[in-house]
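Below is one structure, written out as structure tokens, with a few remarks after it.
Just follow the structure's listing: the first ligand is 1, and inside any ligand the first atom is 1.
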Amino acid sequence: MAEPMEVGSRKEKVLTWTEKYRPKTLDDIAHQDEVVTMLKGALQGKDLPHLLFYGPPGTGKTSAALAFCRQLFPKNIFHDRVLDLNASDERGIAVVRQKIRTFSKMSLGAGGAPENVQKLKIIILDEVDAMTREAQAAMRRVIEDYSKYTRFILICNYVSRLIAPVVSRCAKFRFKSLPAEVQVDRLRSICDAEGTPMSDDELHRVMEFAEGDLRRAVCTLQSLSPILKSGDESARACYLRGSSDTKLISEVCKSIPTASTQDIFKLTRVITKSCTGVSFIRHLFQQMIDEDVINDANIAVMGKLVATCEKRILDGCDLENNLLDFLLTLRETFA
Ligand SMILES: Nc1ncnc2c1ncn2[C@@H]1O[C@H](COP(=O)(O)OP(=O)(O)O)[C@@H](O)[C@H]1O
Ligand SMILES: [Mg+2]
């Protein structure tokens, strides 16, 4: 029997497409020139500071860190030199004390390594913004104690969640959102490699559905691939219908001011099943403006509501509860 796949782990035997199509070298990283130039300089022997990569999900932060380490260390010493802790690992204070400190302490001989990497070790800590403040403080001490041969690459979405002494010890690089064309090009090359070509229009749909997160778009492609391979045109059309269900939005626009709480409960369930949430809220806002459902005074209130709700959903709060809160507040705004 096939072994179950550990989704989210970089150690899985069955590769997810995110891993399969992860950029292998720095040259494959699109649209992040500043950080790529700095990392290439470090490969040439320039000083390597501790690094902090931040920015929206699916813009190449993890890929850049891994590609750099692969190019820096020959394969035979890679595992001695790189400690890669990602979101699926426990990273409380105990782990900082044990794993990270032990790895940092370990002294290594040159082991035939190139001169610029003779004793260097790198610790990649993905999603540091999810670490507790205590764990971050412990990590800060490790950074201070072992800076001679150990470099940290910290990765997160929001710098504001890191403690200041950690941030101030790193060179910061903000990863930019990837323009639509860059994303579509990448998706197209994956489809071609998998032998399941898609039209430009379909690729744009997948991209919009993922809301700028190329990892999500790549996952969507993977989950779509059996449908594409099956040749079932109606299933394909159904899946690619798009996340912005215009009819549903129109209904919500009209009915929300007078809807009962029960109606809103039901509506929330329908929306949760059929849409991604964030795109629904954005389209609803746009449509309400287009159809003159809200007046100028309400636009500001609604804009704030949209922003708050989007942030919560993107931060991982429950979609259904957020939509419910959003729609109930919206109704009150019009009451
Ligand atoms: N800048 C980029 N250039 C090329 N591919 C990218 C880029 N950003 C994301 N990807 C694609 O998306 C997937 C996830 O990227 P990842 O580096 O894990 O994003 P992040 O760490 O910023 O969330 C990768 O496997 C790759 O296919
Ligand atoms: Mg990442």
Side-chain angles (χ1 to χ4, degrees), residues 5-12 14-40 51-72 82-89 91 122-131 152-159 161-162 170 172-194 196 198 203-204 206-225 276 278 313-316:
M5 184 169 69
E6 292 174 69
V7 176
S9 162
R10 291 205 265 278
K11 296 167 208 124
E12 66 253 36
V14 184
L15 282 186
T16 59
W17 284 13
T18 319
E19 296 306 325
K20 190 172 173 187
Y21 294 104
R22 198 183 272 295
K24 302 277 179 295
T25 67
L26 292 173
D27 283 328
D28 297 333
I29 305 279
H31 200 65
Q32 311 295 0
D33 298 341
E34 192 195 356
V35 70
V36 166
T37 305
M38 180 279 300
L39 292 172
K40 282 185 174 171
L51 302 173
L52 173 56
F53 294 171
Y54 67 103
T59 49
K61 300 181 292 299
T62 303
S63 303
L66 288 172
F68 170 68
C69 290
R70 276 201 204 99
Q71 284 179 265
L72 184 64
V82 180
L83 176 66
D84 170 20
L85 294 178
N86 65 48
S88 58
D89 301 301
R91 282 155 328 157
I122 293 186
I123 300 179
I124 302 173
L125 273 183
D126 224 327
E127 297 188 28
V128 258
D129 42 1
M131 286 172 81
F152 279 79
I153 303 181
L154 307 179
I155 303 178
C156 67
N157 296 133
Y158 305 104
V159 182
R161 291 189 190 152
L162 304 189
C170 300
K172 291 186 276 302
F173 289 90
R174 191 173 75 82
F175 279 61
K176 293 174 285 181
S177 303
L178 302 176
E181 277 321 308
V182 171
Q183 296 188 54
V184 167
D185 279 353
R186 190 88 201 166
L187 296 176
R188 191 183 294 113
S189 64
I190 293 177
C191 283
D192 291 347
E194 290 291 330
T196 52
M198 292 172 83
L203 289 171
H204 272 95
V206 171
M207 183 203 69
E208 278 161 23
F209 187 78
E211 290 163 351
D213 180 343
L214 192 47
R215 180 191 309 99
R216 230 166 102 189
V218 173
C219 289
T220 306
L221 277 192
Q222 184 171 12
S223 60
L224 251 172
S225 92
T276 55
V278 171
I313 292 171
L314 294 175
D315 277 355

Next item on the list: For ligand 1, find out whether one of its N or O atoms is nearer than 3.5 Å to an N or O atom of Gly60.
Entry: yes
Item checked: Between Tyr21 and Gln222: side-chain donor-acceptor atoms closer than 3.5 Å -> no
Checklist line | Per atom 11 (C) of ligand 1, closest listed option by heavy atom (Asp185, Leu214, Asn157) | finding: Leu214
Next item on the list: Could you tell me if any non-hydrogen atom of Arg186 lies under 4.0 Å from any atom of ligand 1?
Entry: yes
Next item on the list: Could you list the atoms of ligand 1 found under 4.0 angstrom from a heavy atom of Asp28?
Entry: 3 (N), 4 (C)
Margin query: For atom 18 (O) of ligand 1, which of the options Gln32, Gln183, Arg22 provides the nearest non-hydrogen atom?
Written below: Arg22
Next item on the list: Considering heavy atoms of the protein only, find what lies nearest to atom 25 (O) of ligand 1 and give residue, atom and distance to 0.1 Å.
Entry: Thr18 O, 2.6 Å
Checklist line | For atom 3 (N) of ligand 1, the option (of Pro56, Cys156, Ala30, Ser189) bearing the nearest heavy atom | finding: Ala30
Note to self: Under a 4.0 angstrom heavy-atom cut-off, which atoms of ligand 1 come close to Ile29?
What the structure shows: 1 (N), 3 (N)
Check: Any non-hydrogen atom of Phe175 lying under 4.0 Å from ligand 1?
Finding: no
Notebook entry, point to check: Charged N to carboxylate O under 4.0 angstrom, Asp28 versus Arg22?
Noted result: no
Notebook entry, point to check: Do the ring planes of Phe175 and Phe53 sit parallel (below 30°), tilted (30 to 60°) or perpendicular (above 60°)?
Noted result: tilted
Item checked: N/O separation below 3.5 Å, Ser63 to ligand 1 -> yes
Notebook entry, point to check: What about Thr62: any of its N or O atoms under 3.5 Å from an N or O on ligand 1?
Noted result: yes
Next item on the list: May I ask you to identify, for Leu178, whether its side chain, its backbone, both or neither come under 4.0 Å of ligand 1 on a heavy-atom basis?
Entry: side chain
Check: Any idea which atoms of ligand 1 are less than 4.0 Å away from a heavy-atom of Pro57?
Finding: 23 (O)
Notebook entry, point to check: Going by distance only, is there an N or O of Gly58 that falls short of 3.5 Å from an N or O of ligand 1?
Noted result: yes
Notebook entry, point to check: Could you give the distance from CG (Asn157) to CG (Asp129), rounded to the nearest 0.5 Å?
Noted result: 5.5 Å
Margin query: At less than 2.8 Å, would any N/O/S atom of Thr62, backbone or side chain, sit next to the Mg ion (ligand 2)?
Written below: yes
Check: Pro23 heavy atoms, cut-off 4.0 Å: which ligand 1 atoms fall inside?
Finding: 4 (C), 5 (N), 26 (C)
